[in-house]
Amino acid sequence: MTSPTIVWLRRDLRLQDQAAFAAAAASGNPVIPVYVLDDETPKHRRMGAASLWWLHHSLERLDAQLQAMGSRLILRRGKCDAALAAIRRETGARVVHALHHYEPWWRLAERAVGKALDLRLHHGNFLLPPGTVTTGAGQPYKIYTPFWRASLQQLPPPPPQPAPETLPAPEFWPASDTLADWQLLPKTPDWAGGMRDTWTPGGAGAAQRIEAFVGRARRYDEQRNLPSCSGTSMLSPHLHFGEVSPATVWHAVADAGGSVDVFLSELGWRDYAQNLILQCPDYAARNGRAAFDALPWRDAPEELAAWQQGRTGYPIVDAGMRQLWHTGWMHNRVRMIAASFLIKHLLIDWRAGEQWFWDTLVDADYGANATNWQWVAGSGLDANMFVRIMAPLSQSAKFDAATYIREWVPELRHLDDADIHDPQRPPRGYPAKIIDHGQARARALAAHGAMKAQA
Ligand SMILES: Cc1cc2nc3c(=O)[nH]c(=O)nc-3n(C[C@H](O)[C@H](O)[C@H](O)COP(=O)(O)OP(=O)(O)OC[C@H]3O[C@@H](n4cnc5c(N)ncnc54)[C@H](O)[C@@H]3O)c2cc1C
């Protein structure tokens with residue numbers, strides 16, 4: 001009997017430009033694609049509810065693609081090393097192909113799997129392998145701009161590779177859980193209606209998003225900050241789950257002209273975040289700048305709840321938080337405004353916001369989420385200055401968010417453009433401002449001053 005080869009899947013749920021599948025197919029051996037739902041290794045970093053919704057559909061679609069090729073996806077639950085070792089015992093498979101992942105728990109899991117089986121790791125979930133873009137002295141970059149400048153010396157990425165034409169099936173398939181066994185979808189209540197309306201998880205959904213974006217890519221810089229307009233690609237959950245490779249996205253849009261370079265540099269932020277978590281594996285828990293450990297955060301659970309529910313009385317913040325709850329996604333400009341509001345207006349620790357996003361975003365990504373929260377807080381290795389406090393009302397007017405607010409805050413739908421950013425008489429049912437902007441600003445600056453005095 002020929003020993004089969006395992007493809008161990010994590011956030012790389014695609015066939016095209018997937019080096020682990022390509023290597024397994026090239027071996028000529030039968031291939032067993034495996035996804036292990038491992039809640040034990042990540043511990044408190046288990047996927048949030050919105051990510052689990054996405055995962056269910058993404059696995060379902062990948063399995064359908066595999067079945068069309070005469071293959072299938074084997075589902076197991078438990079610690080990855082134990083689950084893969086069991087498949088080795090059952091099938092005689094010795095070699096495992098997988099893509100590198102950089103979350104600290106995945107690096108632990110890779111070490112454990114590597115002890116039990118012959119694990120062969122490949123690159124391909126990032127434009128460049130994290131850790132390979134270094135300064136002249138061989139050190140990793142801490143700041144985005146020089147990181148991206150150095151990355152550009154090594155880009156573009158190689159053209160994407162096609163999906164394998166065949167994946168030989170083993171003589172017999174090992175047992176598999178069913179997706180229904182895992183109960184990843186919400187039932188009581190079923191809160192996923194808005195996500196179903198917004199997204200098509202899987203490779204085909206990613207391809208549709210790329211197709212829709214290619215024509216708009218040249219105007220990216222003009223439109224990307226306008227939440228009322230579809231100026232960005234909405235590829236983040238597809239990229240996060242690896243349903244499409246960043247190289248595929250790059251080569252699809254790179255010739256669009258106009259400001260497509262700005263878009264490509266956003267893909268660079270995605271790479272940069274992975275480089276940061278490689279340097280600081282606990283970046284989602286620890287301030288990049290230790291001075292921030294002395295910032296006197298407020299413990300204000302009711303205000304945190306008002307922010308989470310989109311009831312702060314600041315229309316742009318509330319629109320963003322409701323878009324997040326409904327669709328599992330929020331426009332980037334609004335993410336910045338909403339995050340800044342939590343951190344500076346409410347003076348609540350950025351980690352509380354990071355956790356909420358972790359649970360509610362369909363693109364929740366350990367590296368990108370922590371990097372961006374720390375950027376907004378000012379606590380990051382690369383960060384906006386804390387004392388630059390975003391004014392949510394003027395940001396809302398500046399970026400023309402009226403249509404966006406009308407979509408997500410129906411109580412304000414009847415207000416005209418002049419009034420909607422800062423309603424002078426909030427209609428019945430819509431909350432008054434949770435705090436005055438001037439007072440919030442003064443309080444945040446005082447807290448920052450107190451932090452500096454401790455340094
Ligand atoms: C507080 C906060 C938290 C965030 N949390 C996440 C997160 O958990 N996961 C996540 O993917 N992005 C996160 N972002 C970054 C950004 O908001 C999203 O990547 C972007 O809104 C996704 O929409 P898009 O696909 O239309 O992006 P586009 O503008 O079309 O950008 C293309 C791709 O580039 C990447 N990208 C763009 N901006 C960033 C960025 N600032 N940092 C890292 N990658 C970026 C994404 O993969 C995105 O899909 C966060 C931003 C903020 C301010």
Side-chain angles (χ1 to χ4, degrees), residues 11 45 47-48 50-51 54 103 125-127 130 144 147-148 198-199 205-206 209-210 212-214 216-217 219-227 229-246 248-250 252-253 256 259-277 283-284 307 317 320-321 323-324 327-344 350-380 382-384 390 395:
R11 300 198 295 96
R45 280 293 163 177
M47 269 181 245
S51 297
W54 190 285
E103 288 85 350
N125 260 3
F126 299 95
L127 293 172
Y144 167 77
F147 166 82
W148 184 238
T198 312
W199 302 104
R209 290 277 180 207
I210 294 176
F213 181 65
V214 167
R216 293 187 266 115
R219 299 185 64 197
Y220 179 75
D221 199 27
E222 269 166 67
Q223 297 186 335
R224 69 186 172 126
N225 280 311
L226 307 177
C229 121
S230 311
T232 69
S233 68
M234 294 186 78
L235 277 165
S236 50
H238 299 287
L239 281 163
H240 170 75
F241 282 93
E243 296 167 352
V244 62
S245 73
T248 302
V249 176
W250 179 292
V253 304
S259 58
V260 73
D261 286 356
V262 179
F263 173 78
L264 299 177
S265 73
E266 295 300 328
L267 292 178
W269 272 100
R270 184 175 174 273
D271 270 37
Y272 167 73
Q274 296 300 307
N275 281 268
L276 274 196
I277 59 165
Y283 204 57
W307 176 80
V317 175
M321 297 308 293
Q323 181 185 31
L324 172 62
T327 68
W329 185 87
M330 195 197 301
H331 188 278
N332 180 60
R333 169 58 48 182
V334 191
R335 288 189 204 203
M336 287 198 279
I337 298 169
S340 172
F341 188 86
L342 182 79
I343 296 165
K344 298 178 187 175
W350 62 266
R351 282 162 281 224
E354 192 277 339
Q355 278 289 335
W356 182 251
F357 273 28
W358 179 257
D359 200 35
T360 52
L361 278 171
V362 286
D363 63 27
D365 181 279
Y366 182 76
N369 204 26
T371 299
N372 281 283
W373 274 96
Q374 293 231 47
W375 190 89
V376 176
S379 59
D382 189 351
N384 193 17
M390 267 187 181
Q395 286 272 313

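Note that the numbering runs from 1 along the sequence shown for the chain. Every number for a ligand or one of its atoms is a count from 1 in the order of the listing.
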Backbone of Arg224 reached by a side-chain donor or acceptor of His331 within 3.5 Å: yes
N/O donor-acceptor pair under 3.5 Å between Asn225 side chain and Arg333 backbone: no
Ring-ring centroid check Phe341 Trp307, cutoff 6.0 Å: no
Backbone of Val262 reached by a side-chain donor or acceptor of Asp221 within 3.5 Å: no
Cation-pi, Trp358 ring and Arg45 (6.0 angstrom, 45 degrees): yes
Trp373-Phe357 aromatic ring centre distance below 6.0 Å: yes
Sorted by chain and number, the residues that approach ligand 1 to under 4.0 Å with a heavy atom: Tyr220, Thr232, Ser233, Met234, Leu235, Ser236, Leu239, Phe263, Glu266, Leu267, Trp269, Arg270, Trp329, Met330, Asn332, Arg335, Met336, Ala339, Phe357, Leu361, Asp363, Ala364, Asp365, Ala368, Asn369, Asn372, Trp373
